[in-house]
Amino acid sequence: MRLTRYFLPVLKENPAEAQIVSHRYMLRAGMIKQQAAGIYSWLPMGFKVLKRLEQIVHEEQIRAGHIPLLMPTLQSADLWRESGRYDAYGPEMLRFKDRHDREMLYGPTNEEMITDIFRSHVESYKSLPLTLYHIQWKFRDEVRPRFGVMRGREFLMKDGYSFDLTKEDALHAYNRHMVSYLRTYERMGLTAIPMRADSGPIGGDNTHEFLVLAKTGESEVFYDAKVPELKLGDRTVDYDNRDEVAAICKEFTTLYARTDETHDEALFNQIPEERRCIGRGIEVGQIFYFGTKYSEPMGATVTTPDGAKVPVEMGSHGIGVSRLIGALIEANHDEKGIIWPEGVTPFHVGLVNLKQGDVATDAACEALYAALKAKGLDPLYDDREERAGAKFATMDLIGLPWRITVGPRGLANGLVELTSRRSGESEEMTPEAAVAKIVEIYAGI
RNA sequence: CGGAGCGUAGCGCAGCCUGGUAGCGCACCUGCUUCGGGAGCAGGGGGUCGGAGGUUCGAAUCCUCUCGCUCCGACCA
């Protein structure tokens, strides 16, 4: 993309309403525009990142054997009366009536609807296990939206629902989700730690939240210093192998890691003192086994091999996709702007022409731009009539992980400069070498 | 929902207290010079001062109502 042909309304000054860094940078980098309290338009570059995150989530869910579908944003109140949640859910649920005076709501979650789909079409244990998920906009009428997309009212969420015959099967679905989530976050360049969460009135310990460590996180977290070092890496996982999946879950949940809601001081103090960490975290996902909470009142049953009808065992598993962008920026930025991890960057590389209009630099940039695109890469070419400083500042702000700088000085020796946004280190090389290096960096991402 | 603020040009702000018909910086347009970290000079365009009502000869400014947004707290992915 050529910057002169793109729509990237960057702001030089900080918008007054933005308090935290991710919100400020998203506004300044022209990623979002607020349309009402907690409701945002996604401008092209923000939309690009959002779609990229969606894509990663889809790929990892499908890899785990989960099946995508799409449920509507609007729901009928009737379903929610069946589960009893129409009255239980507070004013955060946006309710309204259509022209026929039917009670409707903008879905804050989809347990009732997926259970309805399930009971309409699944009759036998032979159809299990089944995990259906979608990535859809939700609405929760927060009293006080803030922090940009981190706590908006409208938000994009992946929510998946598992259906199994037995509790053991359902717990395998739970574990499968945990591993798929770990892989998802890792691909995005995030360290998200599964922490035992508050399970509420249902009890048990079968719920975990995934927290990204960040100073601005909303939750206080207590953890063993060894936990953030755990990595899935490039190991392959057979999602149907219960023992293997369970072993990975054990590996990631055995060491102490909890939020303030479930913190246990005595257990925490058993960690060697030098490894006790207290910090803050941003919740970017949660997995939950809840058994027959919805299947029973809503009559979602399956026939067992014995011919009996039993309510199906369920779990729900969510990733806050739009919120993840905020978390990514909170975890990856400096005083100049965003620093995108390679896995989620809106453009692979920024191409800066230091002397627009100069025959030699223009030609070199055009050649580089074409060569990068020919390799299947997505470069952003800053072809504006701007001075060097302005171009660098824009690149630093929008945070592309790599920058190729083309100026008359280097070009006199046939060289361009490749700069890492994260380390700030630059290296001079030929244009061909720069393209090769970028290709190498993105191989396998 | 309790408490506190703020709405003046695309963005950031001043003007309001003490009424006299709107200003600064950035951005934008034109020209010249500049050109490796948000350039300089000159010229130019852009605002029903959130909205409605009231007081007044006269309201961005005072009063009332209303809408929107932000912050602290409680709540929450």
Side-chain angles (χ1 to χ4, degrees), chain A residues 9-20 23-24 27-28 30 33-40 43 89-93 107-110 136-159 181 192 197-198 200 207-212 217-219 259-261 281-288 316-327 335-337 352-358 361 382 384-398 403-412 415-417 419 424 426 428:
Chain A
V10 298
L11 305 174
K12 204 165 177 177
E13 290 175 273
N14 279 322
E17 74 268 19
Q19 299 299 309
I20 63 167
H23 191 194
R24 272 205 306 274
L27 290 166
R28 284 195 52 204
K33 170 169 168 50
Q34 179 165 322
Q35 302 292 173
I39 299 177
Y40 295 85
L43 305 183
Y89 221 102
E92 280 143 37
M93 182 152 75
T109 178
N110 286 65
Q136 177 63 292
W137 293 93
K138 308 278 191 293
F139 193 91
R140 288 182 196 167
D141 198 2
E142 296 289 345
V143 197
R144 192 186 154 208
R146 62 186 125 170
F147 306 148
V149 300
M150 294 254 289
R151 191 165 168 207
R153 292 193 293 170
E154 190 183 45
F155 57 98
L156 187 64
M157 181 173 173
K158 172 264 163 184
D159 44 328
Y181 280 22
D198 188 357
T207 179
H208 280 85
E209 292 176 335
F210 292 78
L211 280 291
V212 170
E218 72 273 350
S219 311
T259 66
D260 48 3
E261 288 178 341
I282 300 166
E283 189 189 334
V284 293
Q286 181 160 16
I287 53 178
F288 209 123
S316 68
H317 317 279
I319 292 180
V321 180
S322 49
R323 150 174 272 239
L324 263 172
I325 299 191
E335 68 291 340
K336 292 179 190 165
V352 172
N353 185 345
L354 288 181
K355 198 169 184 184
Q356 204 71 41
D358 177 86
T361 60
D382 188 346
R384 295 174 302 166
E385 298 280 353
E386 285 287 350
R387 297 160 58 89
K391 292 192 175 193
F392 290 144
T394 298
M395 280 297 169
D396 289 343
L397 173 64
I398 67 175
R403 185 183 84 205
I404 299 177
T405 309
V406 179
R409 210 168 64 194
L411 219 50
L415 299 175
V416 298
E417 197 174 80
T419 305
S426 291
E428 281 204 308

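Predicted model only: the values in this text are computed from it and were never measured. So that the names make sense, note that chain A is the first sequence line, chain B the second, and so on, each numbered from 1. Every heavy atom of this structure was used, including side-chain atoms; hydrogens, water molecules and symmetry mates were not.
- Put simply, CG on A:Asp358 is 15 Å from P on B:rU34, counting in whole angstrom units.
- Atom CD of A:Glu13 and atom C1' of B:rG38 are 11 Å apart (whole Å).
- Looking at heavy-atom distances under 4.0 Å, A:Gly410 makes contact with a base.
- Comparing B:rG36, B:rC13, B:rC76 by their closest approach to the side chain of A:Pro408 singles out B:rG36.
- Counting to the nearest Å, the P atom of B:rC26 and the CD atom of A:Glu386 are 14 Å from each other.
- Regarding contacts with the backbone of B:rA39, a side-chain N or O of A:Arg387 is found under 4.0 angstrom from either OP1 or OP2.
- Checked against side-chain hydrogen bond (donor to acceptor under 3.5 Å, both in side chains), A:Thr405 has the following partners two or more places apart in sequence or in another chain: A:Arg403.
- Among the nucleotides B:rC11, B:rG38, B:rA77, the one closest to the side chain of A:Leu11 is B:rC11.
- Residue A:Arg153 contributes atom CZ, which lies 7 Å from atom P of B:rC69 at whole-angstrom precision.
- At whole-Å resolution of the value, OH in A:Tyr40 and P in B:rC69 are 10 Å apart.
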What N/O pairs connect the protein and nucleotides 40-42 of chain B at under 3.5 Å? Give each pair on its own line.
none

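- Ranking B:rG38, B:rU70, B:rA74 by closeness to the A:Arg28 side chain, first place goes to B:rG38.
- Across all strands shown, A:Thr109 has no heavy atoms under 4.0 Å from either base or sugar-phosphate atoms.
- Using a 4.5 Å heavy-atom cutoff, the side chains of A:Thr419 and A:Met395 are not in contact.
- As the counterpart of B:rC6, B:rG68 is assigned, both hydrogen-bonding distances of the Watson-Crick or G-U wobble pattern falling under 3.5 Å.
- For A:Arg151 against B:rC76, a side-chain N or O and a base N or O form a donor-acceptor pair under 3.5 Å.
- At B:rC26, none of the side-chain N or O atoms of A:Lys12 fall inside 4.0 Å of OP1 or OP2 (strictly under the cut-off).
- Take the nearest nucleotide of RNA chain B for A:Gly152 and for A:Arg384: the residue whose nucleotide is more 5' is A:Arg384.
- Using Watson-Crick or G-U wobble geometry with both donor-acceptor distances under 3.5 Å, B:rU30 finds its partner in B:rA42.
- For the OP1/OP2 pair of B:rC72 and a distance below 4.0 Å, the side-chain nitrogens and oxygens of A:Arg146 include at least one atom meeting the criterion.
- When the P atom of B:rC72 is taken as reference, atom CD of A:Glu17 falls 14 Å away, rounded to whole Å.
- A 3.5 Å limit on both hydrogen-bonding distances identifies no Watson-Crick or G-U partner for B:rU18.
- Nucleotide B:rU55 has no partner under the Watson-Crick or G-U criteria, as no pair reaches both atom distances under 3.5 Å.
- In the set B:rC1, B:rC75, B:rG37, B:rC75 carries the atom at the smallest distance from any side-chain atom of A:Glu92.
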Before giving the answer on side chain to side chain contact (heavy atoms under 4.5 Å, CB included), spell out for A:Lys336 and A:Phe392 the whole-Å C-alpha distance, their side-chain angles and the decisive distance to 0.1 Å.
-> CA-CA 10 Å; A:Lys336 292 179 190 165; A:Phe392 290 144; over 6 Å; no
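- No side-chain donor-acceptor contact under 3.5 Å links A:Ser219 to the backbone of A:Thr259.
- Pairing partner, B:rG25: B:rC11, with both Watson-Crick or wobble hydrogen-bond distances short of 3.5 Å.
- Residue A:Gln34 has no polar side-chain atom (N or O) positioned under 4.0 Å from OP1 or OP2 of B:rG68.
- A donor N or O paired with an acceptor N or O is not found under 3.5 Å between the base of B:rG36 and the side-chain atoms of A:Arg403.
- Looking at the side chain of A:Gln19, the nearest of the listed nucleotides B:rG37, B:rU70, B:rG38 is B:rU70.
- The side chain of A:Val143 approaches B:rC1 more closely than any other nucleotide in the set B:rC1, B:rG37, B:rG38.
- Checking side-chain atoms of A:Tyr40 against main-chain N and O of A:Phe155 turns up no donor-acceptor pair under 3.5 Å.
- Taking atom CZ on A:Arg24 and atom P on B:rG12, their separation rounds to 13 Å, with Å as the unit.
- The partner of B:rC1 is B:rG73, judged by Watson-Crick or G-U wobble contacts that both fall below 3.5 Å.
- In this structure, A:Gly407 reaches the bases: a heavy-atom distance under 4.0 Å links it to at least one base atom across the strands shown.
- Under the 3.5 Å distance criterion, the side-chain polar atoms of A:Lys391 are matched with a main-chain donor or acceptor of A:Arg384.
- Across B:rG38, B:rC76, B:rG37, the shortest atom-to-atom separation from the side chain of A:Phe392 is found for B:rG37.
- Note on A:Ala388: only backbone sugar-phosphate atoms sit closer than 4.0 angstrom, heavy atoms only; bases stay farther off.
- In summary, of the residues considered (A:Glu154, A:Glu283, A:Glu218), a salt bridge (charged side-chain N to carboxylate O under 4.0 Å, His left out) with A:Arg323 occurs for A:Glu218 alone.
- Distance alone, capped at 3.5 Å, is enough to place a donor-acceptor pair between the A:Thr207 side chain and the A:Ile287 backbone.
- Checking B:rC13, B:rC11, B:rA77 against every side-chain atom of A:Glu142, the shortest atom distance belongs to B:rA77.
- Between A:Gly38 and A:Leu415, it is A:Leu415 whose nearest contact on RNA chain B lies nearer the 5' terminus.
- Looking at the side chain of A:Arg409, the nearest of the listed nucleotides B:rG36, B:rG37, B:rG73 is B:rG36.
- Remark: B:rU61 base-pairs with no nucleotide; criterion is Watson-Crick or G-U wobble with both hydrogen-bond distances under 3.5 Å.
- The side chain of A:Pro15 lies closest to B:rG12, out of B:rG12, B:rG37, B:rG36.
- With a cut-off of 3.5 Å on both pairing distances, B:rG47 has no Watson-Crick or G-U wobble partner at all.
- Using a distance-only test at 3.5 Å, with no hydrogens or angles considered, a donor-acceptor pair links the side chain of A:Arg153 to the main chain of A:Ala37.
- Rounded to a whole Å, the CD atom of A:Glu385 is 15 Å from the P atom of B:rU34.
- Looking only at side-chain heavy atoms (C-beta outward), A:Asp382 and A:Asn353 stay at 4.5 Å or farther from each other.
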